[in-house]
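Below is one structure, written out as structure tokens, with a few remarks after it.
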Number of protein chains: 2
Amino acid sequence: MKDILFDFISKYVSLTEEEKNAILSLDIFRTVKKGTILLKEGQKSQEAYFVLKGCIRKYYIIDGEEKTTAFYTEMEALTPHCVTSKTPSEYNISCIEDTILTVSNSDMEVEINGKFPKFETLCRMLSEESLAKQQIDFDMFKTSSPEQRYLNLLHKRPDLIQRVPQHQLASYLGIKPQSLSRLRARILEKNS
Amino acid sequence: MKDILFDFISKYVSLTEEEKNAILSLDIFRTVKKGTILLKEGQKSQEAYFVLKGCIRKYYIIDGEEKTTAFYTEMEALTPHCVTSKTPSEYNISCIEDTILTVSNSDMEVEINGKFPKFETLCRMLSEESLAKQQIDFDMFKTSSPEQRYLNLLHKRPDLIQRVPQHQLASYLGIKPQSLSRLRARILEKNS
DNA sequence: AGCACTCGTTCACTTAAGTTAAGAAATACG
DNA sequence: CGTATTTCTTAACTTAAGTGAACGAGTGCT
């Protein structure tokens, strides 16, 4: 478990044994069951997550309907907006599978960033990297149709299509479940 | 000009005179005319931008058509994807208005981050902040219709609707210029 | 085993966006 | 100043997504 984390970190900065121990002493690993809700709308939270194994999902409830806007799988990090803004959360986070993740809170980060400047570099790099990734994703989304988005997802994250229920995928693609069904039928039609 | 920059930075970290001079010595301010192209598709670049006054726009050319995916106005920063990925740029950046901006390159950042850890903190904070903002924007985009997106933009960034040509706004909203025209007519209809 | 519930699909119908084309208005430029 | 070009709007038609409803398959629970 810790090896997965340290292997990942080693891609960005190299940690000494002392630094590794500092992280381990924080006791950040947690195992959660499928269906667990990590964060509820309206709640305040200081927790940031990093998925080691499994999948968590971010969703809003708008007019009584669940709108899923993101999935986080292996090696993906999520700092909910409410952590930085210190306001109640606008959305929910739940586990779609049994999941192993790290949970850190802002105090811990401030403390460890103070002690080891290397962590600040790590945070900056991770945050810059996800920002860049996020921007490309957003651009792709804006410039393509639902059908192209689906095909693109099929290409880029085929695992998601297997592990996630259709109606959650649909809102992730910005459409209704019925439209996703239809769209898939349309694609099959074409390729025959 | 430099005051605008330092006022902005002071919201995040407080700089000593020495640090301010270190920044000024880099000679990063630049004034560019409307229409200037800062970055072209296919080009490699190490330059990051921060808009002090004016407006720049990011756009792709897909099937011969311009697709505008972002606008950056006063106090907004843009590090093009190609800078971090070190690959040729997928998109173009041009100035919609006469613009004053700072231009920094990665070497300068590495150098100054090394000398003054405070800059690393600043970069981390700015990057975390835009990531958070970006995520909320993306969520809003996914969960709303073109009409809602337009109304939302009218509410959140009314200035953009004034300063930006309609056809650029249209692709920013993920639709065609004709649809934006129609959609606006529809809204006027309703409110009468 | 039986029941309720969720999930995915299909259908008929409505609504809105894409497409193609044309023309008016604004702007750029020699 | 007049012409070319770009920008915006409108219209008719096509295509695809939204809506509401129904159905069967699968799931969980008792």
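Because the structure is predicted, anything quoted here is derived from the model rather than measured. Reminder, nothing fancy here: chain letters follow the sequence lines and each chain counts from 1.
Residue A/H167 places at least one side-chain N or O closer than 4.0 Å to OP1 or OP2 of C/dG8.
Atom CZ of B/R184 is separated from atom P of D/dC8 by 9 Å (rounded to the nearest Å). Here C/dA17 presents its P atom at 11 Å from CD of B/Q148, a figure rounded to the nearest Å. The nearest whole Å value for the distance from the CG atom in A/L169 to the C1' atom in C/dG8 is 12 Å. Atoms CD (B/Q166) and P (C/dA26) sit 13 Å apart, rounded to a whole Å. What separates CD1 of A/I96 from C1' of C/dT6 is a distance of 16 Å, to the nearest Å. As a whole-Å value, the separation of B/K67 NZ from C/dG18 C1' is 10 Å. In this structure, the CD atom of B/Q168 is 8 Å from the P atom of D/dC8, given to the nearest Å.
To the nearest 0.5 Å, atoms CD (A/E19) and NZ (A/K118) are separated by 3.5 Å. Here CD of B/E65 is found 4.0 Å from NZ of B/K176. Values are rounded to the nearest 0.5 Å. With rounding to the nearest 0.5 Å, the separation of CD1 in B/I23 from CG in B/L122 is 7.5 Å.
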*Passes side-chain contact (heavy atoms from CB on, under 4.5 Å), A/V110 versus A/D107? Steps please.*
CA-CA 5 Å; A/V110 171; A/D107 301 338; 5.8 Å; no
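For B/Y49 and B/Y72, the gap between ring centers reaches or exceeds 6.0 Å.
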_Annotated protein contacts, base or backbone, on nucleotides 14-30 of chain D with a non-hydrogen cut-off under 4.0 Å, one of B, S, - each_ = --SBBBB----------
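Residue pairs that meet the side chain to side chain donor-acceptor pair (under 3.5 Å) test with at least one member in residues 130-142 of chain A, sequence neighbours left out, are A/D139-B/K58, A/D139-B/Y60, A/D139-B/T69.
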